[in-house]
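Here is the structure we will look at, set down as structure tokens.
Just so we're on the same page: letters track the sequence lines, and every chain starts at 1.
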Protein chains: 2
Amino acid sequence: MVTITGYEVHDIRFPTSKQKDGSDAMNLDPDYSAAYVILQTDAGLEGHGLTFTCGRGNEVVCCAIEALAPKLVNKTLDELTADMFATSRVLTGDSQLRWIGPEKGAIHLATGAVNNAIWDLWAKAEKKPMWKLVADMSPEQLVECIDFRYITDVLTKEQAIDMLRKNEPAKKQRIEEMKDTGYPAYVTSIGWLGYSDEKVKQRCADAVAQGWTHFKQKVGGNLEQDIHRARLIREVVGYDAKLMMDANQVWDVPQAIEWMEKLLEFKPLWIEEPTSPDDILGHAAIRKALYPRTGVATGEMIQNRILFKQLFQAKAIDFCQVDACRVGGMSEVLAILLMAAKFGVPVCPHSGGVGLCEYTQHISFIDYIVVSASLENNLLEYADHLHEHFEDPCVVRKGRYMLPSAPGYSITMKRESIEAFEFPKGKMHQQNVH
Amino acid sequence: MVTITGYEVHDIRFPTSKQKDGSDAMNLDPDYSAAYVILQTDAGLEGHGLTFTCGRGNEVVCCAIEALAPKLVNKTLDELTADMFATSRVLTGDSQLRWIGPEKGAIHLATGAVNNAIWDLWAKAEKKPMWKLVADMSPEQLVECIDFRYITDVLTKEQAIDMLRKNEPAKKQRIEEMKDTGYPAYVTSIGWLGYSDEKVKQRCADAVAQGWTHFKQKVGGNLEQDIHRARLIREVVGYDAKLMMDANQVWDVPQAIEWMEKLLEFKPLWIEEPTSPDDILGHAAIRKALYPRTGVATGEMIQNRILFKQLFQAKAIDFCQVDACRVGGMSEVLAILLMAAKFGVPVCPHSGGVGLCEYTQHISFIDYIVVSASLENNLLEYADHLHEHFEDPCVVRKGRYMLPSAPGYSITMKRESIEAFEFPKGKMHQQNVH
């Protein structure tokens, strides 16, 4: 019997803006940060969860976690996991708190961290990696974890069970396959907008040498520079490799179409975040204008399952880049994976930042093993930053994520990192005043 | 010369849940609250702004205000108002803070309060009520206050100028008309879900006696009870009066259609918030099924201009219920009014709560005098709660809002109310521990 006895909230910030890691046309100077929650128990186990942010504002998400976490204190893990649907509703359905969402912005980012901490605790208690906790569920058990509110017009519980049941027979086979081959990835950290040409060239050459075949370029700052850099990357990686482009929301709809017309000669696989993440109809218009010359991708700022539902309904995207903690944690991610599979849209989770690769590897393994059973056009993002701060960091070899085996959601940060990077009092902020 | 020298942030909560004021199918027990900001200046003037919330979570919005307000300190009012577009971008465009939105949830609710405080200060400095500050602008001046990012596919600056120019000749005439007649309103506070039948009956009878002709009923808890209550209200107010229904997001799309089919016999003018505020395509489907037997209304939780744009594009709503502070303050409200006018959708702002009537009267007067120049199907919501806490409360006579004349945005709360209801340390919370 495991009872949650309390919680810790930590505002953790890494001063990444100094190296321009993560810089793009919209995010000029991110300090990769985590609004971090630890669920303490009486059983020597802890549940860890975080939400990734870009620095300023991390304290707002921490404040929102403080509003949610007390709801779990004195609950047993058994009562929380016996009805994960009800547990996720405890976090999203507070009749007063929902006013500041609902299910969006700071309160939903906080929900993501707290919901994931419950899943992490559950997986640790079961001594299973997160992906296996889900893979071992029956279709009926899995759908009981999901809140179908506002999505029953495209997916009912019964339809979800039918979909999952079809994948049951070959599940073990796909697990073995993943153990052998890992999950295909692409690398983002070659092309940050703030990097010099030389640095990009070197990083591309290194990545090719390491076996990477998919590369992402940041665009949208300046058209001539985008063309110059696309040419430079193609020179190093060739045209057998796949090149993705990412505009990080800088364009209006007509501008997105116009700008991309000029970049199509470099054969981008997709244009990511061409406009506001809130603009479903805008993405649909952009896709209509550019398809099939390139695809449309978005997701890292898509706030919840209701927006994803509409992106699918409107045929607005070719790639679903769900984030692990912007939406309400694993509970909501499962709903999104199911809808993506139903609409035949490949899931390529948003990753990078701090801790996102650790999270999303489980999402992609669950998607392949349990939900979509497809690897056609699926790719998981990878960026090689800040993994050293985690107890059980993701392992990537030759452009593929290896199947994790340690219990939990792989998101437990080392105690010394939590302490050193706690903002503003941690020692790394004392040394590096910024 | 007015310079902003500092700011105060107050977490103000009124324990309204005790009387079930404001209760509906989703908001069971709101404590009407305000995340409140005061911009202090060196000129004896203060800029006031608030965002309405339902209680818990108000502290998260206050935390977000603390992240935004420092950006204004040491700025002069002249430099802020000389380029209100740039000023609103200072609040919405911070390259790190936008991660926890962008332009949604707690950070955008905070933006609403801070942006409105700037407008309030500006109007006070000009010694004009808010509506007149805007009404006195030329079309060119007005559009320079607006951020057209992400809406140029439906409305450009040039198109907005053309629209406004057409309304110039009769502007003075409409001001005189409003001085004489006021702006038509409807009353919500007759039908809270938690009220008894007797209380609803009495409130309806009182409202009829006071001259009200439009009434709003909360629905969605229980179909039989909804039918019972609709019948009861119709018995008191008759069928010449207009009855609106409000489900506060409790339904999924198919359920909304099914449920409303059973309530159409009571001739509702609209069904408000039939489903998730994020579901543009869902609202469009519901409207398609029910129109013209009833209309669809939403807006109080519509997060920003980009969602409104799509509601208009998708022909999803018949009434635009923009909120004064959920979106990014008057700067963003102006963009939404212009789009609504372009698509011919009447603006019926969300009001009630605490301070919302004080805000929205200016919005409706601006809409009529400057933007839409229409009163066809326009109605401003009214609820008779908590007005006594404001220095310059709205004045409603015979079901119509009177044109305000005091300088500012009418949102300045009395100092003694701020102090008494400050959470948790104000004396009203000491007496009423909850």
Taking [options] one by one, which has the highest count of heavy-atom pairs under 4.5 Å against chain A?
options: B:A67, B:C62, B:P254, B:A110; result: B:P254
options: B:V250, B:I151, B:V61; result: B:V250
options: B:G57, B:S95, B:A64, B:A35; result: B:S95
options: B:N58, B:T152, B:V253, B:L281; result: B:L281
options: B:E300, B:E103, B:M301, B:Q303; result: B:Q303
options: B:G105, B:A314, B:G282, B:A285; result: B:G105

*asked:* Taking the cut-offs as 6.0 angstrom to the six-membered ring centre and 45 degrees off its axis, would you call B:R56 and A:W99 a cation-pi pair?
replied: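 The answer is no; the distance or angle limit is not met.
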Is chain A contacted by the side chain of [X], its backbone, both, or neither, given a heavy-atom distance below 4.5 Å?
X: B:L97; result: both
X: B:P102; result: both
X: B:F148; result: backbone

*For A:L109, is it the side chain, the backbone, both, or neither that has a heavy atom closer than 4.5 Å to a heavy atom of chain B?*
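For A:L109, the contact with chain B is made by the side chain alone.
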*Taking atom NZ of B:K71 as the centre, does the number of heavy atoms from other residues, nucleotides or ligands within less than 6.0 Å exceed 12?*
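Buried by this count: over 12 neighbours within 6.0 Å.
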*Of all heavy-atom pairs between A:Y150 and B:T275, which one has the smallest distance, and what is that distance?*
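Reported closest heavy-atom pair: CD2-OG1, 3.4 Å.
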